[in-house]
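Whatever order the structure lists ligands and atoms in, that order sets their numbers, starting from 1. Any value given below was found using the heavy atoms of this structure, including those in side chains, with hydrogens, waters and symmetry copies removed. These numbers were taken from a predicted model, which means no experiment stands behind them.
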Amino acid sequence: MSNSKFIFIADVIEERIDSGEYQPNAKLPTHRELADEFETTPATVSKAYKLLSDKGRLESFVGKGTFVAARSDLNEAIQAPEDESDFNFSLLQPCLYKNVPAIKKAYQQSADQLTDSLIGYCENSGHKKHREAAVRWAQEYGLEGGNTRNTVLTNGAQHALSLLVETLTKPGDTILVESLTYPGILAITNLSNRNVIGVELDEQGVRPDALDTAIKAHSPSLVILIPCHQNPTGVSMPEARKKEIAKVINENQVWLVEDDIYCFLDAPPVPPIANFAPNYTFHISGLSKAISPAMRCGFVKAPESQVAALNAHIRANIWLSSPINFIAATLLIESGEAFQLAENQREMAVHRQELARQIFPSINANASGFHIWLSLPQHWQQDRFTMEAKNRGLIVTSGSYFSADGSNTQHIRLSLTSISRESKLIDGLKQIETLLNSNPSSFLPF
Ligand SMILES: Cc1ncc(COP(=O)(O)O)c(C=O)c1O
């Protein structure tokens with residue numbers, strides 16, 4: 001056997017992954033099948049698979065087989081601001097300048113409040129007073145049944161998601177997500193070797209019948225959904241749909257993580273799924289989208305039986321979420337100012353959606369969140385469009401980052417809130433529209 005045969009086989013498999021013939025998360029042929037194709041032995045195929053696993057292109061699970069690794073390009077999907085002259089449409093964050101005075105004041109007051117007990121170690125789920133504020137925040141937006149015993153503080157919603165994946169599942173387990181979902185979830189499942197399967201969506205969010213079928217077919221350890229101002233589609237589940245989803249969760253007795261980080265964007269609030277499936281739902285909310293992502297304040301309401309397990313994982317990983325930020329958060333929530341800041345952001349989002357609709361009349365007329373999900377004309381391929389836009393200082397997010405199975409979506413996601421100045425936002429949106437209408441073949445290939 002030639003020593004380089006396994007390298008040749010690895011190269012061919014990698015080409016098949018890059019060309020899309022083998023999609024992310026897809027199961028690869030068995031060793032025997034590939035050995036027959038390449039007229040070699042299963043041991044040589046094993047060596048090729050090992051080479052690609054070491055490169056992070058494949059993942060193997062004992063008893064389940066070998067799979068194409070999912071993408072984890074969070075840095076590409078969501079780009080930190082680099083150049084002020086860029087139009088950064090990739091960040092879903094509040095219009096921050098509006099919040100600076102209130103946040104400054106809250107941190108100044110926090111400094112006056114520091115006591116030895118507040119700057120020391122405390123219970124892993126956080127100080128009771130801070131958990132009371134967390135309960136009040138989520139309650140304001142429709143969550144029922146929260147109390148200081150079943151509420152845990154995290155360093156933002158991203159931490160809450162990774163904490164829940166780590167606590168409720170193990171490597172090789174299957175997690176169901178929306179077929180298009182927040183790349184931060186895909187990054188967690190990818191890095192932690194969880195198998196992710198997307199569930200079909202319609203114009204009201206995930207389909208209850210598709211969820212039921214997928215649960216029965218795949219026996220997932222966990223379902224993760226973003227029912228409110230879904231990232232990336234912008235769809236919000238009406239209450240009736242949430243009740244149907246809760247019924248599926250209750251009947252199948254499966255854990256649900258409800259990422260409700262955008263709950264403050266509905267007026268009046270739509271009750272979360274957690275209200276209808278409280279025994280199985282972990283409800284995530286937080287201040288990143290309404291006030292500031294830098295505060296890293298996330299809140300989880302958990303079924304009471306699971307709180308001790310969550311606290312054990314928090315202690316093992318970070319000991320506790322920094323109480324200093326929760327002092328400021330508590331001041332803002334107790335004074336009611338937090339709700340006013342959230343309401344200002346909601347009004348701004350509604351207004352900016354109207355502006356965007358004037359430029360892109362085809363977008364979802366009901367969307368009132370921070371972003372739009374824009375379908376591309378046939379003549380543009382999404383990654384090519386994203387690249388051409390970037391060449392012009394327009395940072396947009398390709399739809400491919402949101403796809404649970406890596407399939408083409410023919411969409412881009414645009415944040416309407418990360419550009420502070422309205423005139424700059426309109427200018428950027430118009431430039432995107434001009435690019436959409438131009439012919440890609442007139443640009444040099446990348
Ligand atoms: C659906 C969703 N969940 C969680 C997060 C992360 O939030 P945080 O900054 O609180 O970690 C985001 C951020 O974009 C998001 O869109």
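- Here the closest heavy-atom approach between residue Ala106 and residue Leu332 is recorded as CB-CG, 3.8 Å.
- Some N or O of Asn231 is nearer than 3.5 Å to an N or O of ligand 1, by distance alone.
- Residue contacts with ligand 1 include Arg296, since one or more of its heavy atoms lies under 4.0 Å from the ligand.
- Across all non-hydrogen atoms, the minimal contact from His371 to Gly234 is NE2-N, 3.6 Å.
- Ligand 1 places these atoms under 4.0 Å from at least one heavy atom of Asp259: 1 (C), 2 (C), 3 (N), 4 (C).
- Every N/O-N/O distance between Gly156 and ligand 1 stays at or above 3.5 Å.
- For ligand 1, the atoms lying closer than 4.0 Å to a non-hydrogen atom of Ser288 are 8 (P), 9 (O), 10 (O).
- Taking CG of Asp209 as the start and CG of Asp202 as the end, the distance is 8.5 Å to the nearest 0.5 Å.
- If you number the atoms of ligand 1 from 1 as listed, the ones under 4.0 Å from a heavy atom of Lys289 come out as 12 (C), 13 (C), 14 (O).
- Using a 4.0 Å cut-off between heavy atoms, Ala157 contacts ligand 1 through both its backbone and its side chain.
- Under the rule for a side chain to side chain contact (heavy atoms under 4.5 Å, CB included), the partners of Ala290 that lie at least two apart in sequence or sit in another chain are Trp137, Phe264, Ala342.
- On a distance-only criterion, Asn155 and ligand 1 share no N/O pair closer than 3.5 Å.
- Summarising the geometry, atom CD1 belonging to Ile185 is positioned 11.5 Å from atom CZ belonging to Phe402; distances are rounded to the nearest 0.5 Å.
- With a 6.0 Å cutoff to the six-membered ring centre and a 45° limit on the axis angle, Lys242 does not count as a cation-pi contact of Phe276.
- A donor-acceptor contact closer than 3.5 angstrom is absent between the side chains of Ser110 and Gln113.
- Considering Tyr182, Phe299, Phe370, Tyr262 only, the shortest heavy-atom separation from atom 5 (C) of ligand 1 involves Tyr182.
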